[in-house]
Amino acid sequence: RVPYHNFTHAFDVTHTCYLMLSLPGIQGKYLTKHDTLMLLIAAVVHDLDHMGINNSFLYKAESPFGILSHKSGAKSALEMHHCKLAIEVLQTDETSLLNTLDKTTQVDCWRLLIEAVLGTDMAFHQEYVLEFDKLMVAGTYDQANADHRANMMRIFLKTADISNLTKPFDISRKWGLMVTDEFRLKGDADPADLPPVAEVDLAKSQIGFIKAVVAPMMQTVVGHIEPLQAFKDTLDANLQRWEGVLQQQA
């Protein structure tokens with residue numbers, strides 16, 4: 001019943017992470033094998049049991065979960081929820097993927113997983129992108145530095161998380177419709193009962209998000225990780241298509 005933040009989205013994000021990590025010039029350059037494993041796991045679980053609402057709604061609606069998060073001082077309520085469930089799943093006998101690792105490596109892997117998932121909170125988007133840019137501009141990235149690798153994992157996951165706008169236009173448009181439906185849902189409404197989205201309204205929302213969030217991030221990321229240029233090229237082409245839709249409707 002959640003139109004966008006569902007398993008299809010998790011699969012898409014995981015596949016996109018795998019694609020990025022497999023590109024020449026990226027594979028083995030920034031992350032270790034354990035980092036790669038945890039990044040892919042983080043992609044699978046990063047929106048586990050998503051409710052189709054954001055942290056701001058949780059707090060303003062004074063939901064039990066929102067109240068608990070506020071009283072405990074948790075800043076990223078949903079992301080904390082995703083992490084908690086992921087920990088539970090990964091500690092069951094059937095899915096205890098980390099139990100074969102030594103204790104030190106297990107602790108490192110848990111830390112990487114949690115930091116990556118918490119990094120998907122859009123409230124801290126600009127902060128994380130600036131932190132990445134500062135590290136790369138300094139030219140001091142060191143694969144032996146755990147903090148540097150955690151920073152890089154967060155950026156790969158964040159890039160994949162909003163990569164629906166960097167996919168071919170017809171695919172990207174479908175994702176746009178799904179996320180728009182999710183934003184429009186109220187209470188227990190059924191997605192099937194929502195009226196169609198006007199193409200001009202869809203275009204405005206996509207253009208707004210691209211210009212405010214995705215394009216600036218991709219400009220920064222591609223400036224330091226050149227093999228991801230194709231993602232930015234498709235994003236730019238999609239922006240032109242959406243702007244063309246507005247011009248046709250004018």
Without swapping roles, check the side chain of [X] against the backbone of [Y] for a donor-acceptor pair under 3.5 Å.
X: Asn6; Y: Pro3; answer: yes
X: Thr234; Y: Ala230; answer: yes
X: Glu182; Y: His5; answer: yes
X: Thr120; Y: Ala116; answer: no
X: Thr166; Y: Ser163; answer: yes

How long is the gap from CD1 on Ile41 to OG1 on Thr14, to the nearest 0.5 Å?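 Separation between the atoms: 10.0 Å.
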To the nearest 0.5 angstrom, please state how far the CH2 atom of Trp175 sits from the OH atom of Tyr4.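 With rounding to 0.5 Å, CH2 (Trp175) is 6.0 Å from OH (Tyr4).
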Just wondering, more than 12 heavy atoms not from [X] lying within 6.0 Å of its [atom1]?
X: Gln219; atom1: CD; answer: no
X: Gln143; atom1: CD; answer: yes
X: Lys167; atom1: NZ; answer: yes

State which residues pass salt bridge (charged side-chain N to carboxylate O under 4.0 Å, His left out) with [X]; sequence neighbours excluded, sorted by chain then number.
X: Glu127; result: none
X: Lys134; result: none
X: Asp108; result: Arg111
X: Asp201; result: none

What pairs of residues pass the ring-ring contact (aromatic ring centres under 6.0 Å, His included) test when at least one of them lies in residues 200-231, not counting sequence neighbours?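 Found Phe132-His224.
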Taking ring-ring contact (aromatic ring centres under 6.0 Å, His included) as the cut-off, I'd like each qualifying pair that reaches into residues 97-125, sequence neighbours left out, listed once.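 Qualifying pairs, neighbours excluded: none.
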Sequence neighbours left out, what pairs pass side-chain hydrogen bond (donor to acceptor under 3.5 Å, both in side chains) with at least one residue falling in residues 33-44?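 side-chain hydrogen bond (donor to acceptor under 3.5 Å, both in side chains) check on residues 33-44 returns Thr32-Asp35, Asp35-Arg149.
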Pair listing, side-chain hydrogen bond (donor to acceptor under 3.5 Å, both in side chains) test, anchored in residues 237-250, at least two apart: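 Every side-chain hydrogen bond (donor to acceptor under 3.5 Å, both in side chains) pair that includes a residue of residues 237-250, provided the two are not neighbours, is Lys211-Glu243.
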Are Lys232 and Asp236 ion-paired here, with the side-chain N under 4.0 Å from a carboxylate O?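 Salt bridge flag = yes for Asp236 with Lys232.
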Derivation of the side chain to side chain contact (heavy atoms under 4.5 Å, CB included) call for Ile225 and Thr159: CA-CA 12 Å; Ile225 308 177; Thr159 300; over 6 Å; no
List, by chain and number, the other hydrophobic cluster members for Leu40, where Ile, Leu, Val, Met, Phe, Trp and Tyr join if side-chain heavy atoms come within less than 4.5 Å, directly or indirectly.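 Tyr18, which link up through side-chain heavy atoms under 4.5 Å apart, make up the rest of the cluster.
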Sequence neighbours left out, cut at 3.5 Å: what donor-acceptor pairs do the side chains of residues 45-52 make with other protein atoms?
| from | atom 1 | to | atom 2 | distance (Å) |
| --- | --- | --- | --- | --- |
| His46 | ND1 | Ala43 | O | 2.8 |
| His46 | NE2 | His9 | NE2 | 3.2 |
| His46 | NE2 | Asp161 | OD1 | 3.1 |
| Asp47 | OD2 | His9 | NE2 | 3.2 |
| Asp49 | OD2 | His81 | NE2 | 2.7 |
| His50 | ND1 | Gly52 | N | 2.9 |

Got [X] and [Y] here, is their nearest side-chain heavy-atom distance under 4.5 Å?
X: Ser96; Y: Leu90; result: no
X: Leu21; Y: Gln27; result: no
X: Phe156; Y: Val221; result: no

Those residues that, when tested against Glu131, pass side-chain contact (heavy atoms from CB on, under 4.5 Å) (two or more places apart):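 Partners of Glu131 by the side-chain contact (heavy atoms from CB on, under 4.5 Å) criterion, ordered by chain and then number, come out as Tyr128, Asn151, Arg154.
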Between Asp121 and Ser76, what is the shortest heavy-atom contact and its length?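 Between these two residues, the closest heavy atoms are OD2-OG, 2.6 Å.
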Val117 and Leu157: which non-hydrogen atoms are nearest, and at how many Å?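 Result for this residue pair: N-CD2, 4.2 Å.
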Kindly write out the residues that satisfy side-chain hydrogen bond (donor to acceptor under 3.5 Å, both in side chains) with Glu199, not counting sequence neighbours, or none if the list is empty.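 Expected list: Arg173.
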